[in-house]
Amino acid sequence: NLHVGVIGATGAVGVELINVMFDRNFPVGELTLFASERSAGKTVETKYGTKTVTLFSVEDAKKCDIVFLAVSGDFAKEYAPQIAEGALVIDNSSAFRLNDDVPLIVPEINGDLAKKAKLIANPNCTTAIAAVALWPLHQAFGLKKVFVSTYQAASGAGQPGMNELREGLASGLKGEEIKAEVFAHPLAFNVIPHIDTFQDNGYTREEMKVTWETRKIFGAPDLPVSCTAVRIPTERTHSESIVVETEKAVTPQEARDVLAKAKGVKLVDNPEKLEYPMPINATRQYDVEVGRIRTNLIFGDHGLELFVAGDQLLKGAALNAVQIAEASIA
Ligand code: HSE
C-alpha cells in the first residue's frame with residue numbers, strides 16, 4: 001500500500017481526488033493532506049473520514065510514494081520538480097503540460113507513458129473530456145480537422161466559482177445585484193464567451209490549451225484544432241459541441257459502433273426518445289456522455305457532428321489524475 005499525498009486537499013478538485021481514490025479502492029496505506037499556512041489545521045470531510053490538513057513541506061511531500069498537486073501553476077512550478085525527486089508527482093496545473101520531458105496523459109489514450117515518469121501532467125478539463133470521445137474516432141477514421149465549442153460549468157473555477165454561481169442565482173431571483181468576483185461578469189442568468197486570458201491571436205488561453213494539449217496527447221503535432229470556450233451557469237459538467245472532418249468516409253452508425261466500445265465513453269444517442277448528453281445526467285459520472293451524432297452538412301460523408309458532456313471535476317480533473325496513478329502502478 002502506498003503513502004499518498006494531496007496538496008490542495010481543501011479545494012474542489014482535491015476533495016474529489018480523495019473520494020475517487022476511496023471509490024476506486026486505490027491502494028492507499030497512508031494519506032497525508034497538505035495545504036498552505038492559510039488552510040493548515042483545517043479539517044476536510046472525505047470518504048476516508050474527517051482528515052486534518054497539515055502544513056506543506058517539500059521534505060514531507062518527498063517522503064510520499066505519490067503526490068497529487070491540485071493547486072496553482074505557480075506553486076507547481078516552484079515545488080513539483082523538488083517533490084518529484086522522491087515521489088511520483090501528478091500535477092493538475094498547466095505548468096508542465098507542454099514540456100517535452102513531461103508526459104501529458106489521458107489513460108484511455110496514452111496511459112502507458114505513466115510507467116516510467118516521475119512528473120506527470122493532468123490535462124486541461126475541456127481537453128480531457130473531448131479527447132475521450134475524439135481518440136476512438138481518430139483511430140478509426142483519422143481526424144483531419146476539429147472544431148470545438150464549449151459550454152463550461154462554474155466548477156472550472158473551483159469551489160469559489162460554484163459558490164459565486166449559487167449566490168448569483170439567489171441574488172438574481174431576489175432582484176438583487178449579482179456579484180462577479182471569480183468570473184469576468186455575473187455568470188447567473190448569463191453566458192460568458194471568455195475563459196482565462198486573451199492571447200495575441202484573439203483566442204483565449206483556455207481555447208489554445210484545447211489545441212496544444214490535444215495535439216500532444218494524440219501525438220499529432222499538426223492536427224488543426226480550433227476552440228471557442230464559453231462559461232455557462234451549470235455547476236460541474238462541461239459540455240462541448242464538436243465538428244470533425246475525417247480522412248476516411250464515416251456514417252453516424254459507424255461512429256456510434258466505435259464509440260459504443262470505447263473506454264470512458266457512454267453513448268447516449270436516441271433523439272427520438274429525447275436521449276442525448278446533458279450535464280444533469282453526466283454530473284458525478286465517470287464516463288463522458290457522447291451523442292447527437294450526425295453527418296456534418298458541410299463535410300458530408302467525411303464529417304461528423306457530436307455533443308459530449310463530462311464531469312469537469314471527475315474526468316476533467318480528479319478521476320483522470322487517479323487513473324494516471326493507477327496506470328503508473330499497473
Ligand atoms: N480551465 C478550466 C475551466 C478548468 O475554467 O473550466 C480546468 O481545466
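Excluded from the calculations below are hydrogen atoms, water molecules and symmetry mates; all remaining heavy atoms, backbone and side chain alike, are included. Both ligands and their constituent atoms are indexed starting at 1 by order of listing.
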Around Lys216, counting heavy atoms of other residues, nucleotides and ligands shown, do more than 12 lie under 6.0 Å from its NZ?
-> yes
Residue part near ligand 1, for His238, under 4.0 Å between non-hydrogen atoms = side chain
Numbering as shown, the atoms of ligand 1 that approach Gln312 to under 4.0 Å (heavy-atom distance) | 4 (C), 7 (C)
Around atom CG of Leu173, are there more than 12 heavy atoms of other residues, nucleotides or ligands at under 6.0 Å?
-> yes
Closest non-hydrogen protein atom to atom 4 (C) of ligand 1, residue and atom name please, with distance?
-> Cys125 SG, 2.8 Å
Considering only protein heavy atoms, which is closest to atom 5 (O) of ligand 1, and at what distance to one decimal place?
-> Arg231 NH2, 2.7 Å
Hey, which atoms in ligand 1 end up nearer than 4.0 Å to a heavy atom of Asn124?
-> 1 (N), 8 (O)
N/O of Lys209 under 3.5 Å from N/O of ligand 1, yes or no?
-> no
His238/Tyr151 aromatic ring centres below 6.0 Å = no
For ligand 1, which part of Thr126 has a heavy atom less than 4.0 Å away: the side chain, the backbone, both, or neither?
-> neither
Answer whether the closest heavy-atom distance between the side chains of Ile105 and Pro107 falls below 4.5 Å.
-> yes
Are side-chain heavy atoms of Val106 and Lys315 found at a separation under 4.5 Å?
-> yes
Quick one: sort the Tyr79 and Phe56 rings into parallel, tilted or perpendicular, breaks at 30° and 60°.
-> perpendicular
Quick one: nearest non-hydrogen protein atom to atom 1 (N) of ligand 1, plus distance?
-> Glu206 OE1, 2.8 Å
